[in-house]
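All figures in this text were calculated on a predicted structure; none of them were measured in a lab. Here is the naming used below: chain letters follow the sequence lines, and residue numbers restart at 1 for every chain.
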Amino acid sequence: MISITLPDRSIRQFEQPVTVAEVAASVGPGLSKAALAGKVDGKLVDTSDVISTDADLAIITDKDAEGLEVIRHSTAHLLAYAVKELFPDAQVTIGPVIESGFYYDFSYKRPFTPVDLVEIEKKMAELAKKDEQVKRKIMPRDQAVAYFKGIGETYKAEIISSIPQGEDVSLYSEGAFTDLCRGPHVPSTGKLKVFKLLKLAGAYWRGDARNEMLQRIYGTAWTKKEDQEQYLHMLAEAEKRDHRKLGKQLDLFHMQDEAPGMVFWHPKGWVIWQQVEQYMRRVYQDNGYQEIRCPQILARSLWEKSGHWENYKDNMFTTESEKHEYAIKPMNCPGHILVFNSDLRSYRDLPLRYGEFGSCHRNEPSGALHGIMRVRGFVQDDGHVFCTEDQIKSECVDFNRLALAVYGDFGFKEIAIKIALRPEKRIGSNETWERAENALREALNACGANWSELPGEGAFYGPKIEYHMKDSIGRSWQCGTMQVDFSTPGRLGASYIDEHSVRQTPVMLHRAIIGSFERFIGILIENHAASMPLWLAPVQVVAMDITEHQADYAKDVVAGLKAAGIRAESDLRNEKISYKIREHSVQKVPYLLLLGDKEMHAKTVTARVRDGKGGGENLPPMTLDDFILHLKSEIAAKRAS
RNA sequence: GCCCGCAUAGCUCAGGGGUAGAGCAACCGCCUUGUAAGCGGUAGGUCGUCAGUUCGAAUCCGACUGUGGGCACCA
């Protein structure tokens, strides 16, 4: 007798081993039909899985998150099935589930085209409609290798070869197509109803650039048609927030062939930049940093000492003069160490904090460039803290608190924090690493932050915290960072005198909150859909006359605003007020002043608000002084209007 | 760097082997206007660059540059 406990704690008993599907059927025909998979004692299995001992069982349907996962995974297999039907000599490799969809990598003699994509999707729908059973089969590893070699699937054979010898592997078959897979899968292809192939891409076999490039097909799959439509709509909306598009529309910056990966900042974009920079300058001043400025170009000998010449030469722009070689700095730390080294330092000076708005150039691979998010010339809010090992933790606590406060001021809510831990190749003792990693953890704990850890992803010289933010379509970009460095100060001869008159090497903390101004402003634009909070808006107020009778009054109002430090402009063009409103609304100006005879005679202003609760509506008429107070309080609070 | 796609007026885009088209913007007029596009007119392009095929190329082929989506990379 086998007892199966369902999620509602009810118990069903069976004389002999039963499949998940049979249990579902015993509950009712509705559940039987809806069952996609089962969860036996917390483990996801096929509906064909046989339960032979007492167990907890949940039937997974498309109402469960796991159900959607299973659907996506099975849709990836359906894709491979369809490709094999249409292109029998294509080879299959892997096809995992990813956020909101799946992909599958193929090897084929010619590139797939967008037309192929349409055909493949059609074939998928056809195969799904046939509602073919998806069958699981267990096979010894070696037999599976031979099987896939036999049918010409060399990639699959290679994958299985890396599974330890003696283990069994599971194969799934639907129609004539068999694939290696851990599973679970939907019981039959008819369960796959809502899917769409999205794009073609290249991808290296096993993620290694030395390997052959495969063809990757991305797709999405959902349980309900409406869900998919909503997702596609969301993607389309997100594309409208693309910083490249908005940067052009709002005349913030441009890029051109003559300077790939470098940005031409236009007046309005530069206002945003300056607001960010001036804000960050206060952050330096208020938190014990001294701002410095170092040369752009430094001698090859320095980069040889720091190790960059050996390891990162390909990414550096170099130049020469009178037979001396130089590199345009790819980072600011060596310069900061030279400033540190310019005087004799005592332990009493530590922690010593330098900050720079440091312009860096890195010769990034052309394929890595992306709008202003990944560029070749950029400016960092780069700071270095020279301290003792004992001071690492408190510096990290302070930094993390500061970074989160700064992100809050810019209106960011979702920040993913990660700690990159010791890599295989590293310097420094395990105890030192242990202390440094724990210092980072404790620092984040002290701020009540959540984080994930990336084992092996740290720099060779020390562990680091990374602060990631998402762009409009969900790609994650690293902005801030806090890195512990046990190596570079020693390499470049930094030292201080400790309390026993002994020369010691300081620890260096590399830290940035903004990361790169270019990337940060790109993310800012996308996150706010270019409706910048008042304190950052390039133009904060546009005053417009309704007819030319109020032109002088409008000029006076703008003069008053400018005198109060508000970024105000006038629009006295001979156009209808609705035309002007539309134009400046499209330009995302936070406040529009409508000045007609009414306002002119009463000596008031009528302000149309861009966003917030009263978006598109007017503030009550008020004097210019009151309006300025209103603006100033909003600017001080760094709120959106 | 690798795979695939794209490059036409200031912007957004249509067209497509017989030497270019729209809307918006610009410019000139008319209109004097109260909460998201008033009307009329004018001007504007070696169709990314370089080579090739062709009687003829913006169109087809190739290379290059830039760019988009991915992959790899991101010290």
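- Within 3.5 Å, a donor on the side chain of A:Tyr204 pairs with an acceptor on the base of B:G1, or the reverse.
- Remark: the A:Asp257 side chain and the B:U67 base include no donor-acceptor N/O pair separated by less than 3.5 Å.
- For RNA chain B, if you chain together Watson-Crick or G-U pairs that step i with j, i+1 with j-1 and so on, the runs of at least three with distances under 3.5 Å are B:1-7 with B:65-71, B:10-13 with B:21-24, B:26-30 with B:38-42, B:48-50 with B:62-64.
- By the 6.0 Å and 45° rule, A:Lys425 does not stack over the aromatic ring of A:Phe460.
- A salt bridge is defined here as a Lys NZ or Arg NE, NH1 or NH2 lying under 4.0 Å from an Asp or Glu carboxylate O, and A:Arg206 with A:Asp105 fails to meet this definition.
- The base of B:C74 sits within donor-acceptor range of the side chain of A:Arg374, with an N or O pair under 3.5 Å.
- Relative to the six-membered ring of A:Trp222, A:Arg72 meets both conditions, a distance below 6.0 Å and an angle of at most 45° to the axis.
- Ionic pairing of A:Glu304 and A:Lys313 is not present here: no N-O contact between side-chain nitrogen and carboxylate oxygen is shorter than 4.0 angstrom.
- Residue-level contact check: A:Ile546 touches the bases, meaning some heavy atom is under 4.0 Å from a base atom.
- Counting non-hydrogen atoms under 4.0 angstrom, A:Arg608 reaches a base of the nucleic acid.
- Looking at the side chain of A:Tyr461, the nearest of the listed nucleotides B:G70, B:A75, B:U67 is B:A75.
- In this entry the distance linking CD of A:Gln215 with C1' of B:A72 reads 17 Å, nearest Å.
- Within the nucleic acid shown, A:Arg362 comes within 4.0 Å of at least one base atom, counting heavy atoms only.
- A:Pro365 comes within 4.0 angstrom of a base, heavy atoms only.
- Annotation for A:Arg210: atom CZ does not count as buried by contact number, only 12 or fewer foreign heavy atoms lying within 6.0 Å.
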